[in-house]
Structure formats: structure tokens, C-alpha cells
Amino acid sequence: AVCDTDLNILSGLGALLDHSLIRHSDRHGPSARFGMLETIREYGQEQLEQTTYAAAVRDRHAQYFTDPAERVSPHLDDAGAAPWFNLLDDEHGNLLTALDWLLRRRDLEHGPRLVGALREYWFWRGRSVEGLARAEAYLSMPEMSTPTSARALALATAAWLSHWLGNGARAIALGAEALAIWDEIGDRTHSASLYISVGLAAQEIEGIVQAREYWTRGLDMARESGDAVSSARLLTNLGHAAQELGDLDLAAEHLAESQSVAMLIESQEALALVKHALGRLAYQRQDIPRAASLFRESLELYRDIGFTWGVARAIGKLAILAQHNRDAPRAARLFGCSDALHRRLASPMSRVQRQDHEPVIEATRAMLGDVAFDAAWAEGAAMSLEQAVAYALATGASQGAEQPDTLARLTPRELDVLRLVATGLTDAEVAERLFLSRRTVSSHLTSIYSKLGVSSRAAATRYAVDNGLT
């Protein structure tokens, strides 16, 4: 597709491979990929630039990667998004090469399309800096000043990424212009999702009431257009707004609806976000075991979809729970992990995160003393992403230090089930409350009976009551 040649490509690749000019990678399974040493690539590029057809080859290369990126983009919110993200990871170098060439060519058709298609990828993969640079480069072109769909795509991408990099005022201004253009041209395809980031930025700059207005508008658009993923995200944000404004019942209502939508469409990212929000609500209601279970579940989902910013958030919440359980060294390490991940992403904590963290960090420091606290924090900050996640999810991370050994053997989800069973709920009611199947609840109960050494529902309930779970 790129070389536009009638030559036998496989034969040509075989000859290059035989002479060790290219290398075959088998890490992609049945999908064969080839690469070359940087010095050889540079030499080949020099030879290409001396020909009369270099620009045509680069044009075809850029076109080849623009189309699939646009086809992949809608799948980044699907239940099976991981392979699509992995595909973009594999093509990351090609995508940036294509986009930078389109910028050099001042291509106002394919370039903004590619910028828009990569927005979710840049966000979820923690590549906001490189994405914002490309979007801003297009916006700086004089020929991009007219209110077109291409400009709106670049504006929306820049707005989204500006927020995650801590520039809320810029995000609001860019987002407002993009929304106005889409209104003018009668295309609101992307408006609902943009209201998510504009609202988040407004929360930092203008306050939660204004943020709620943006999210409410976005939810109306999402429902009208059938955008279920944006609906789930916006409901999660509205749940957070209600919680901040003191209406915990409304917050629970919004979050329950968000979780139902996320489960219906099998969106891992939407489910990760709402479980995190539900964990925060459970913590505010002092349901610590449930909060721990939800934060751990959200962390696992964030890890599975490769969302480092989400991982950093969830680890921070587990640090708060560690301090609640009076495990100050663990809390300090987890806070160090969370802070370091945010710094690596160049994505500062939100105002709400800072409000949640700062008093607990102060309490942890007071409990440990400066020297021990700083040492534990440094240990956490030095962990790799994989080490940080493993440490945060380690057995017993969410259990209180004062719980009996037998009870501590139960998983966070088993504790949730036991607590609800002890209040007199049936299996069906427990399943509905925890968004599980009845079969899963039954399986959890079997495990609970075995770990507690009991043989009946009544005995398990008595154990829960005697150990303060109700």
C-alpha cells in the first residue's frame, strides 16, 4: 500500500531478512512484524529523500495509517478494547511519523482527522503531552482559523488533553469553541463526550455547580444520540457532583445507573470509573470494606486497560484506606506510588484528589515521623508501575489490622456478601445489590462457609454479628 509497487513484497522481505538488514519480531503471535536497526533506517531514509517520489511515498504512508486509526477509534470504548489499544501501541511510531508529515504538508483534511482519532488513545495511554503538541500545531495554522469540522476536532482534542495536563482554563476555552462550531454546522457527534472534560475543567476553575450544568447538558445529548459510553461517564460525574453537594442518595442513584449502563455495554473503562466513584461514596458512608473492594476492582480494571492515570487514582484511595486501618508505612508507600505516577504522566491531581489526600498524608506523617514517612514515600515512588499495582493489590491490603485472622482470609467481595447476608437479604437481593449473578453469590457463600468453618447461613450470620460486620 505504501510502496505502490508490483514487486513481490514477501520475496523482498525475505532477501532483506537473509542479509540481516531487517529483523523479524514474533512477539505479536501470528501477525508478523519487521523492524530494523536505527542506523539502517536512517540510511534508507536518506536514500528515499534523494528520489523524486519521496513525498508521494510519505503521502501514501500517512493515508494508510489515517484510515485504520479512524476505524479503531470507536472501538476504544468497547468491551474488547485491549487489542485495539495494543494495535495502536504497535503502530505508535508509524502514527506519529504520519501525523508529523501531515503537519509538514499542512494537510487540513487528514491531519485533523488523525488528531481526533487518536484523542482517546493519547488520554488513556498517558501520552497527553505528545497529543496536545500535535493538536496545538494544527490550531496555530492561519488556514485552520475558519470554523470547520476539522478545526472542531483539533479543538476538542486540545481541550481534552489540556484538562488532563492541568490547564483547566485553556480546556474550557477550547471546548467552548469546539462546541459552538459543532452547533453551527449541525454535527453534535462528539459534543456529549467533550462535555465530560469541559465539566471536569470547570470543576477546577468555576466550581462543582457549573460542572454539573455541563455534565447535565452532555447527558441530554448522549441520551438523544444513543451514546451509551458517554452516558455512563456523565452519570458517574453527576454522581460525584451530587456527592460533593451533599446529596448522597442522588449520588448513589446516578452511580447505580452508570454502573448498569457500563455493564450493559461491557465497557471496562466506564466500569472502572464508576467503581472508583462508588468506592469513594462507600468511604464517605464509612463502609470501609466495601470501599476497599471497589477501589481494588477499579484498580484491576485500570490496570487491564492500561490507564495509568486511573491506576494512580486508585492507588491513592487504597493509601487512604491503609491509613484508616492504621497501617501508616503502607499508606506512605502507596501515596508515594500515586504521586510518582502522576508526575510521570505530567498530569497533576485534581482539586478533589488533593482534598482527599492532603489531610490523610498529614496524619500519616504525624504517625510515622518525618524520617520514616519520607523513607516509605521514597520506596513507593521508586516502584515501577507493575510493582506499584502488585503492592496495592497484595493480600490483606484492604483488611483492618484488628480483624480476626479467620475473617481476614475473606476477600473484599466475600466480605461484601457476608455483610449483606447478615442483614437478612436473600441471595437474589444480594446479587442485585452487588450487581452479581445469583450463581456468583452462591459461589461466594460456599467459599465463605469453608473459610469460616461453618455450614449454614445462620452460623455465618452469627459470625458476622459477633465480629462487628453489621
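Computation of the quantities below employed the complete heavy-atom set of this structure, encompassing side-chain atoms and omitting hydrogens, waters and symmetry-equivalent molecules. Just so it is clear, the model here is predicted, and its values are computed rather than measured. Positions are given from 1, in the same order as the sequence printed here.
- None of E244, H240, H163, Q210 except one satisfies the side-chain hydrogen bond (donor to acceptor under 3.5 Å, both in side chains) rule with Q203; the exception is H240.
- To the nearest 0.5 Å, atom OH of residue Y302 and atom CD1 of residue I305 are 7.5 Å apart.
- With contacts defined as side-chain heavy-atom distances shorter than 4.5 Å, the pair K275/F295 does not qualify.
- Side-chain contact between I288 and H324: present, with at least one pair of heavy atoms (C-beta onward) separated by less than 4.5 Å.
- Contact record, L271 with A262: N-CB, 3.8 Å, taken as the closest heavy-atom pair.
- Residues R125 and F85 form a side-chain contact, since some pair of their non-hydrogen atoms from C-beta on lies under 4.5 Å apart.
- With rounding to the nearest 0.5 Å, the separation of CD in E224 from OG in S231 is 11.0 Å.
- Under the 3.5 Å distance criterion, the side-chain polar atoms of S193 are matched with a main-chain donor or acceptor of H190.
- The shortest side-chain heavy-atom distance between L132 and T157 does not fall under the 4.5 Å cut-off.
- Counting only distance, with no hydrogens or angles, the side chain of S338 and the backbone of A312 share a donor-acceptor pair below 3.5 Å.
- A cation-pi contact links R119 to W160, judged by a cut-off of 6.0 Å to the six-membered ring centre and 45° from its axis.
- Residues R113 and L153 approach most closely at CA-CD1, 4.3 Å, considering heavy atoms.
- Under 3.5 Å, the side chains of S258 and T236 contain a donor-acceptor pair of N or O atoms.
- Across W215 and A241, no two heavy atoms sit closer than the pair CZ3-CB, 4.0 Å.
- Checking side-chain atoms of S73 against main-chain N and O of A69 turns up no donor-acceptor pair under 3.5 Å.
- Heavy atoms of other residues, nucleotides or ligands lying less than 6.0 angstrom from CZ of R343 number 12 at most.
- With T423 contributing its side chain and L420 its backbone, the two residues share a donor-acceptor pair below 3.5 Å.
- For the pair E429 (side chain) and T426 (backbone), a donor-acceptor distance under 3.5 Å is present.
- In this structure the side chain of L200 never reaches within 4.5 angstrom of the side chain of S350, judged on heavy atoms.
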| field | side-chain contact (heavy atoms from CB on, under 4.5 Å) between I361 and E358, worked out | value | CA-CA 5 Å; I361 289 174; E358 287 171 358; 5.5 Å; no
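- Taking CG of L95 as the reference point, atom CZ of R134 lies at 11.0 Å (rounded to 0.5 Å).
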| Residues L393, E300; criterion side-chain contact (heavy atoms from CB on, under 4.5 Å); working and verdict | CA-CA 8 Å; L393 293 174; E300 290 170 341; 3.7 Å; yes
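- There is a side-chain donor-acceptor pair under 3.5 Å between E91 and N94.
- Counting non-hydrogen atoms of other residues, nucleotides and ligands closer than 6.0 Å to CZ of R433 gives a total of 12 or fewer.
- Between R313 and D356, no side-chain nitrogen of the basic residue sits less than 4.0 Å from a carboxylate oxygen of the acidic one, so the salt-bridge criterion is not met.
- Ion pairing of D220 with R217 is absent here, as no side-chain N (NZ or NE/NH1/NH2) approaches a carboxylate O to less than 4.0 Å.
- Judged purely by atom type and a 3.5 angstrom limit, S293 has no side-chain atom pairing as donor or acceptor with the backbone of P289.
- Around CZ of F34, the count of heavy atoms belonging to other residues, nucleotides or ligands within 6.0 Å exceeds 12.
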| message | The test is side-chain contact (heavy atoms from CB on, under 4.5 Å); show your working for V430 and D427 and say whether it passes. | response | CA-CA 5 Å; V430 171; D427 285 8; 5.6 Å; no
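- Between S447 and E414 there is a side-chain heavy-atom pair separated by less than 4.5 Å.
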| request: Starting from the C-alpha separation in whole Å, work towards a yes-or-no answer on ring pair (Phe, Tyr, Trp, His ring centres under 6.0 Å) for W164 and F123. | output: CA-CA 8 Å; W164 293 109; F123 165 55; 4.7 Å; yes
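- Minimum heavy-atom separation, L139 to A154: CD2-CB, 3.8 Å.
- The shortest side-chain heavy-atom distance between R151 and Y138 does not fall under the 4.5 Å cut-off.
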| E269 and R233: salt bridge (charged side-chain N to carboxylate O under 4.0 Å, His left out), yes or no, with the steps? | CA-CA 9 Å; E269 57 90 4; R233 290 183 183 175; 3.1 Å; yes
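- Classified by interplanar angle (parallel below 30°, tilted 30° to 60°, perpendicular above 60°), the ring pair Y121/H92 is tilted.
- Cation-pi geometry between R330 and Y391 is satisfied (NZ or CZ under 6.0 Å from the ring centre, within 45° of the ring normal).
- Between E204 and R170 no salt bridge is recorded (no basic side-chain N to carboxylate O distance below 4.0 Å).
- Annotation for G316 and F335: closest pair O-CE2, 3.9 Å, computed over non-hydrogen atoms.
- Rounded to the nearest 0.5 angstrom, L179 CG and Y214 OH are separated by 8.5 Å.
- With R33 contributing its side chain and D90 its backbone, the two residues share a donor-acceptor pair below 3.5 Å.
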| message | Using side-chain contact (heavy atoms from CB on, under 4.5 Å), reason through R365 and D374 one step at a time and then give a plain yes or no. | response | CA-CA 8 Å; R365 182 182 288 276; D374 291 342; 3.2 Å; yes
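- Looking at D187 and T189, their side chains do bring a donor and an acceptor atom within 3.5 Å of each other.
- Although no hydrogens or angles enter the test, the distance criterion places a donor-acceptor pair under 3.5 Å between the side chain of S225 and the main chain of M221.
- Summarising the geometry, atom CZ belonging to R285 is positioned 8.5 Å from atom CD belonging to Q243; distances are rounded to the nearest 0.5 Å.
- One side chain, E130 or W122, offers a donor N or O that lies under 3.5 Å from an acceptor on the other.
- Looking at R212 and I208, their side chains never come closer than 4.5 Å, going by heavy atoms from C-beta outward.
- Counting all heavy atoms, side chain and backbone alike, A171 lies closest to V198 at O-CG2, 4.5 Å.
- If you take CG on L88 and CG on L118, they are separated by 6.5 Å, rounding to the nearest 0.5 Å.
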